[in-house]
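Written below as structure tokens is the structure these notes are about.
Chain letters run A, B, ... following the sequence lines, proteins first, then strands; residues in each count from 1. Here the structure is a predicted model, which means the values were calculated and not measured.
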Amino acid sequence: MTKVFRFHQGQDISGWEQTTPLAPNEIAQIEDPDGLSPLRQITSIPSPFARIDLVLTAFLEVTKSGTLHGTNIFYKMVSDALDVGQIFFNLDICKDVRIIPWDKNSDLEKLRSSRNIRHKHLGETLKLFLDQDTAAYNFDKLKRLYILSYSKENDDLKVLGGTSPSTLFFSSSNDLEKIYKKNFGRDTLFNKDYRPLFEREPDYIRFLYSLRASNPVHFRNYFNSFSDYLDMNYKLLPDELKSVITGMDGDYARRNFNILTTGKDGDNVEVNGIYLYRNLPDKRRIEAESDFVIKSEIYKGIKPLVLPNSKITGKSRYIWEDWDPDHAAPFADREQSLDSRTLPYIGIEYPWLTVSDFLQPYLIRLEFPINDTRYFNGSSPGEIVNEDLCYLPPLKKEFFRFFKKDDLKKYHSNKKPFFEMIRLAGGTVEVILRIPVKNGYTTFSRKYENQSQYALAEKPSEGRNQGFIIDHSIDLAIFPFLEFSGDRDIPFYRIGFADKDNQPVRLDNNFRLNFYEQSNPLSKIDKIKIVNKTRKTGADAGFDVYIVENRFDFIEIEINRGQYHALVIPWFSNEPGTNQFTFAVDFGTTYSHVEYRRNGESPKPLEVSDIDTRHIEKLHHPAFESNISPEFREIFVFNLLPDSIGSASEYFFPIRTSIAEKNDLDKFSEGFALGDLNIPFIYEKKPLKRYQRINTELKWQSIHGDDRPKRRIEAFIETLIMIIKAFVILNQGDVSRTRMIWLYPASMNRARRDLLADVWARNLKKYMPSVPEPPRAMSESIAPYYYFRSSQDVSSYDQPAVSIDIGGETTDVVFFKNNKPAMMTSFRFAGNALFSSAENISTDNNGFVKAFGKIINGYIKTAESPDLMKVFEDINSSRNARDVINFFFSLENNLKLKEKTNISFLNMLQDSKEFRIVFLLFYTAIVYHVATIFKTNGFELPRHISFSGTASRLLKIISTSNETLTNYTIRLFELVCEKKYHSDGLSIHRDEKNPKEVTCKGALIQDRETRDLSEIRYINYGINGLFFPKNRIRYSDIDDKMKDSVIKEYENFLGFFINLGRDVDFSNTFDIPENTFNKYMQVLRRDVKNLLSSRIAETFDSEESEDQVLEESLFFLPLSGTLKKLVSSIGSEL
Amino acid sequence: MQKYLIVTLSLLAASCCPDSGEFSVYGFFLSGVNLAYLVLLAFLVYISWHFFLLRRKISGIYRHVRKFSGQSGSANISRDLEQVIKRLKKIELELTQLKAGLPYGSAPANDHGPENNDRTDTADAGDGSLKYSGGSGRVIFFMPAPDNEGNFDHRRKSDHFIPSESVYRFEMETDNDDTAEFSICHDPNNMERAINYYSSILEKVCRAENAFNPSGKTIRTIKPGIAVLNNNKWTVKEKALVRYD
């Protein structure tokens, strides 16, 4: 038995015989001992270009087999060659792969002429084969071979394959699956899944067919088997792609792809004269074609993909093909920059978003439900607010790169909400975000688990989509709660932040608020100032006020310098309005008042009571306020503003003219209104906090030198303007049509009035620059008359009328004739003349405090109101009797006290016979002075006298009967003027309920009155009939002789008062004890000169130079001193 | 703690040495007063033991801190210290809870309230905090500030004292679980907080036997208040009598 040693079948021969070269038939008969196993590469061909030949053979074999799917080595080689082609085509996204050109002429020549003998031999060998196989492999057309090599992190170069003059591409025989890992869609390169062309990415398919279309004849000539392969695949292509291919012209590739270069411009890659192309790294095309492209109206860049991180149902196109339902995108990407991210599974550099780009790893739980009508709380519309809705939305600010906050309220077409928060068993909360994409939405979800604050847990892993719930005891409030819009609408916000995170384990937590506009969510607003009102302790909350002079859309709460974050998203809902508002502000000595008119309607006090137009909105839900921590119930009203101001509230206008400031505030010029300096609406109602100090004497404090009084005045007015502007916007007002009137007393000197005018003008311009008219100044003296004329039919056409406004510090009197002001006088003899202490130092000397302090204290104790006890204690310790007495007066309006006891200091005074003489004397002195002016000027006796101002309420103490008071006044006039009263008689008008409001109401009724009353100013100096403007007395003129003259005038008045008492019978008419009258008169005559000198010194204002003309009567100076003595004396006896 | 022990020993001595100077087992056990002493003694010994254990824990942690602070170059020091600090805070909380949870008559320091024989047992609530039971047949829990109407929300009760949240200590019998006595927790921060926010915390549910002292530091419950449970609300039937010191 003989054995024939040959691979192929053929004729048997013996010995040496002539044979013919092997023809293709014979070659085909050769059996692969490995059975064409793809596991073993064919390597036994003795040619450096064997791989080119093998790939060519593989294409021939596959096309010959008639099927495109197969598992033998030829299918592998075809698939690998196509993979190489795909890398050439997608070179831009194949990192660490580069093209190395090898030039058939120059590089071959270099080898051949090399001095290195081995190089030389290689050159010669290559040349031999290039020459020998020219026809078989188109080497005659070959100019350059392009080797595709891969090298990662300085590893050795590994050849993946290259261009082939026979089949366009060939792969190397290396184990490429181990060397290079890459996916294109579902196709993994060089793996065992031998993908035919028609199953590959459509772009690549178009690319290969477009190469053929660029020169069909050449292509068929040079790449015949490859072309056959294309034909085979064509039949299996989708119709859409077939149609594209059919329509291809020779220029298609150039138009649709980028020319491929070796990396150098102009060094184009070509195979047998056919240029190769690379896929456009066309992000725009991905953006246009992928179903996962985010649907965002505001994102300007290449829109990222939002890829599902859980299984999805239905088909959605990823890039080249549909998203594999079994795939899940990672929960986070280490690459922070979206543009530098590569898409999962395909590795293309293209922005895409993960759940961690939108959701925080921590969910912050507050101790109260969030006010869902004002802040986003994650609840679904219609969901009843309950205690579980206490989580701050765990959104990252990056969310606003793509969406507006209103999107959070939206629903998808299948009724699923954009944002959802679901409470699960065990306290876990699942947050679901349905991000709209081109084809519906991608659902992101994160479950937040309860995390014990003491547990030593690791941080939640965003990569594993972990989330923890953490507790923080914080609250905030925004003033004004509105959105500023328009270029001229200058934004101003005060955001109060309360930090009660003061359990031992949380005491070190620190917080900072960052503010953002949603149009620029990555860049926090830098126009922020923080006023720290108080730092937290184990027993009390901390409080900061953020001064934000910029519009903002959301707040980021940054905890522990970036350890945790959460967003607070307010729903501002104000709409532009058209209402016209006019405001009148009476900045009074004791109380200040604000009234307004809307579209010419009746004047009303400024009230903020409607729940829809509240100027300040807290984060906690108002329905749960009763149940939250006491700190959060109280802290905002102490440090910002009450949310409700009005008759139904504890806080209302008129308000006490005062400023509460941080007690460590030193740089007043830098102090912020509603930050460092607040209007304390709680004053006289609740004790101030330990970090606050109060200032009540704003209006008449010296404004020279020390800048504090000016800053306090400014802060008071500035705060009022802020409140007013918020009111206008929230009540559908047109800010640009708003008008402002401010009132000043006639006795106010020019310098102080100019200061106030400047403060009003500057702040109105700062906060309401669109208001065309500057704030209008109106005399306090003139305004009440217009109110009474409108409401009580006061007229001065036939007979004169007098308007007497008795305030805290000054009394303004205007004489009206023919309904016009004819003369005006003003003097500093008003409420404070009665209520301040003798030396203005201590409350001890004040008779009212002596007489009523204990009684009132008893009332407060009975009412079990330690808050008020503390208020009393604090005010009393300030040693300012006026403040103490104003506190007494305030009690009858204290809502909390009213619930428990019926207390009225005014009624107490009214019931006190002993003190009645004081008020009668006070009233008599004022009317006496007015009557003297009537007499001096020969005026007809007045038909009407109206009383307004806070201290005009005191007239009620003299008599509750208007008739008694009128008769007394008539008699007084008759005795002074020495003539009988006319038959029309006298009508006295007063508004007992709201005497302070009268001035503002009158100003609004006659809002065009701009008369400068200085032209009709009259001063009866009370010295030998001297009067201004005829006589001008200067401070320097006041000598002993003049003082004696003042005292003489005072004595005359006392004599007049005694005679009047006999005339009208004080005992009978006013129930004044007869036996005490003479004793009191003695008190009034004691130490008069001393008291006069003291009062002159007190009244002399440092802002006025000695050469300045005296602007008020000296008549009242002795009386204001002796009255205090009298009050003290009566108080001591009681 | 020494004070407790001294008082306890004195009481024991008094019990053991009646006028005759001889110890009488029979007399000792039959005396109601002495029985009360014994219960109080047991309670105080129990509390002392807890303080002792906690102190030991703290000492151990401080040693741990010193050990770490003595090392250098350890990459984990910062993280370890952070954990140690957390542990310390937890223990601080436990101490606070323990002190605050004491019955109103057995407050440390200057509390001179009426004698109280209540026994308080503590147990770990599972989350690291201390849970109280008032001995056999009694239940103790804690409440935050009352609402603006002066009622306590039953749903907000806690089995353990939570600093800066819990204000009142409620105690009731298990067989009468709709009536409870309440008193102010003894935590110094809690008392200061109650004074700061008098109107929200005290006004509606307490009456005072002396004038309110806004600058005071201590509020003692002289007589606990009584609250009745109705529809998840504890309504105050009788205000607690307190004293400001």
**Q.** From CD (A:E367) to OG (B:S164), nearest 0.5 Å
**A.** 8.0 Å
Q. What distance do B:N189 atom CG and A:Q503 atom CD have between them, rounded to the nearest 0.5 Å?
A. 11.0 Å
Q.
Is there a side-chain contact between B:P163 and A:R506 in this structure, where contact means two heavy atoms from C-beta onward sitting under 4.5 Å apart?
A. no
Q) Which one of A:S473, A:P630, A:S626 has the most heavy-atom pairs closer than 4.5 Å to chain B? A) A:S626
Q: Please indicate whether A:K898 has more than 12 foreign heavy atoms, meaning atoms of other residues, nucleotides or ligands, lying under 6.0 Å from its NZ.
A: yes
(Q) Other residues, nucleotides and ligands only: do more than 12 of their heavy atoms fall within 6.0 Å of NZ on B:K204? (A) yes
Q) Say you draw a straight line from CG of B:N196 to OG1 of A:T537; how long is it, rounded to the nearest 0.5 Å? A) 7.5 Å
Q. Under a 4.0 Å N-O cut-off, is there an ion pair linking B:E203 with A:K900?
A. yes
Q: Could you tell me the separation between the CG atom of A:D471 and the CD atom of B:E165, rounded to the nearest 0.5 Å?
A: 9.0 Å
Q) Quick check: are there more than 12 heavy atoms from other residues, nucleotides or ligands sitting under 6.0 Å from CZ of A:R423? A) yes
Q: Select one option (side chain, backbone, both, neither) describing which atoms of A:I628 are under 4.5 Å from chain B's heavy atoms.
A: backbone
Q: Taking atom CG of A:N902 as the centre, report whether more than 12 heavy atoms of other residues, nucleotides or ligands fall under 6.0 Å from it.
A: no
Q: Heavy atoms only, distances under 4.5 angstrom: which of A:G538, A:P687, A:A539, A:A541 has the most pairs with chain B? Name it, please.
A: A:A539
Q. What is the distance from atom CG of A:D540 to atom CD1 of B:I195, rounded to the nearest 0.5 Å?
A. 12.0 Å
Q: Count the heavy atoms of every other residue, nucleotide or ligand shown that sit under 6.0 Å from CG of B:N231, and state whether that count exceeds 12.
A: no
Q: Could you give me the CA-CA distance, side-chain angles and deciding distance for B:S199 and A:R633, then say whether side-chain contact (heavy atoms from CB on, under 4.5 Å) is met?
A: CA-CA 11 Å; B:S199 59; A:R633 292 182 221 172; over 6 Å; no
